[in-house]
Amino acid sequence: MVENKLDGRVAFITGTSRGIGKALALELADAGVKVVSTGKTVEEKDELPGTIVETTEEIRSRGGESIWRQIDVRDEESVAAAIEDTVEEFGGIDFVINNAGAIHIAPFEETPPKRYDLLTEVNVRGTYVTTQAALPHLRESDHAHVLAFSPPVTNPARPGMAAYAVSKYGMTIVMQSLADELSGDDIALNSLWPVAAIESEATRHFGMGTPEDWRTPQVVCDAVTEILGRDPSECSGNAFYDEEILRDMGVEDFDQYNVVEEADPGPMSAHLFDPDYERPNQ
């Protein structure tokens with residue numbers, strides 16, 4: 001019988017109203033993880049489905065343990081309060097998943113300073129704030145992982161999307177810097193990025209391809225659960241692609257993740273930050 005290294009752990013996940021965040025919250029809860037569902041949305045909006053409350057309720061309906069806390073990752077006080085509530089409710093924190101994100105892909109002259117501020121405050125500052133607030137409790141865990149959804153830093157020059165690149169690369173830099181700085185604490189700090197575009201409200205809203213180009217969030221969920229199951233002392237400071245993790249697991253059939261059966265999603269998400277990216281053996 002394979003040991004479930006996730007059972008009984010506690011995960012603090014940002015941005016769980018919908019998309020990858022919600023899918024991951026459900027996936028981890030099904031594996032026995034106690035999930036803290038966090039984000040800004042607590043009431044349904046016509047233009048944007050899903051709330052953090054609904055995610056917690058769905059977890060509970062499936063027999064899992066979850067609480068929800070409304071936070072704004074730009075506000076360190078709300079994050080700190082939610083972290084303390086988590087520890088009071090579940091006794092500690094083992095996993096921090098920095099999933100909450102803002103996206104705006106546009107040229108410099110079409111990105112006003114307010115939009116730049118939003119991107120950097122939500123993406124890189126939010127990751128920084130959440131990780132820092134959780135750090136004292138992660139140190140108490142015997143299996144601590146922090147994960148950010150951000151890409152490997154290859155060619156930092158990203159014309160046409162400078163603001164977004166700064167915010168996403170910044171997340172990876174925080175993870176890799178802390179991996180070295182906290183190397184004596186046995187806390188794994190890594191980043192993960194999908195090779196193909198993932199079906200979500202963002203990909204639909206920004207017209208990032210068509211359903212034939214997309215994979216389901218399950219591909220990211222499978223990669224995350226593999227990372228979280230690894231020994232923190234042996235898995236830190238990495239900027240992973242999801243396909244890399246899955247190949248290490250022995251996955252050969254990536255068609256199972258296609259939104260459209262028999263489609264062949266290209267590396268659209270990887271190319272966003274690394275136009276020269278090529279899949280192994282291709």
Would you call the rings of Phe273 and Tyr164 parallel, tilted or perpendicular, taking 30° and 60° as the class edges?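 It falls in the tilted class, 30° to 60°.
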For the residue pair Tyr241 and Tyr277, categorise the inter-ring angle as parallel (less than 30°), tilted (30 to 60°) or perpendicular (more than 60°).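 Judged by the thresholds at 30° and 60°, the geometry between Tyr241 and Tyr277 is tilted.
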Ignoring hydrogens and angles, tell me if any N or O in the side chain of [X] forms a donor-acceptor pair with the backbone of [Y] under 3.5 Å.
| X | Y | answer |
| --- | --- | --- |
| Asn258 | Ala263 | yes |
| Thr41 | Glu43 | no |
| Thr16 | Thr38 | yes |
| Trp193 | Ala239 | no |

Do [X] and [Y] sit in one hydrophobic cluster, given that two such residues count as connected whenever their side-chain heavy atoms are within less than 4.5 Å of each other, even indirectly?
| X | Y | answer |
| --- | --- | --- |
| Ile227 | Ile187 | no |
| Ile13 | Ile71 | no |
| Leu178 | Val146 | yes |
| Phe149 | Val195 | no |
| Ile245 | Phe254 | yes |

List the steps and the verdict of side-chain contact (heavy atoms from CB on, under 4.5 Å) for Glu243 and Arg247. CA-CA 6 Å; Glu243 289 187 10; Arg247 288 193 182 95; 3.0 Å; yes
Say whether [X] and [Y], considering side chains only, have a donor N or O and an acceptor N or O under 3.5 Å apart.
| X | Y | result |
| --- | --- | --- |
| Thr14 | Asn98 | no |
| Glu84 | His137 | yes |
| Gln218 | Glu27 | yes |
| Thr55 | Trp68 | no |

Is Gln256 atom CD crowded by more than 12 heavy atoms from other residues, nucleotides or ligands, each under 6.0 Å away?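 For Gln256, atom CD is crowded (more than 12 foreign heavy atoms under 6.0 Å).
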Near Tyr128 OH, under 6.0 Å, is it more than 12 heavy atoms from other residues, nucleotides or ligands?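 For Tyr128, atom OH is not crowded (no more than 12 foreign heavy atoms under 6.0 Å).
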Can you name the nearest heavy-atom pair linking Thr86 to Gly92, along with the distance?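 Minimum heavy-atom contact is CG2-O, 4.0 Å.
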Considering non-hydrogen atoms only, spot the tightest contact between Ala148 and Met175 and give its length.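 The answer is CB-CG, 3.7 Å.
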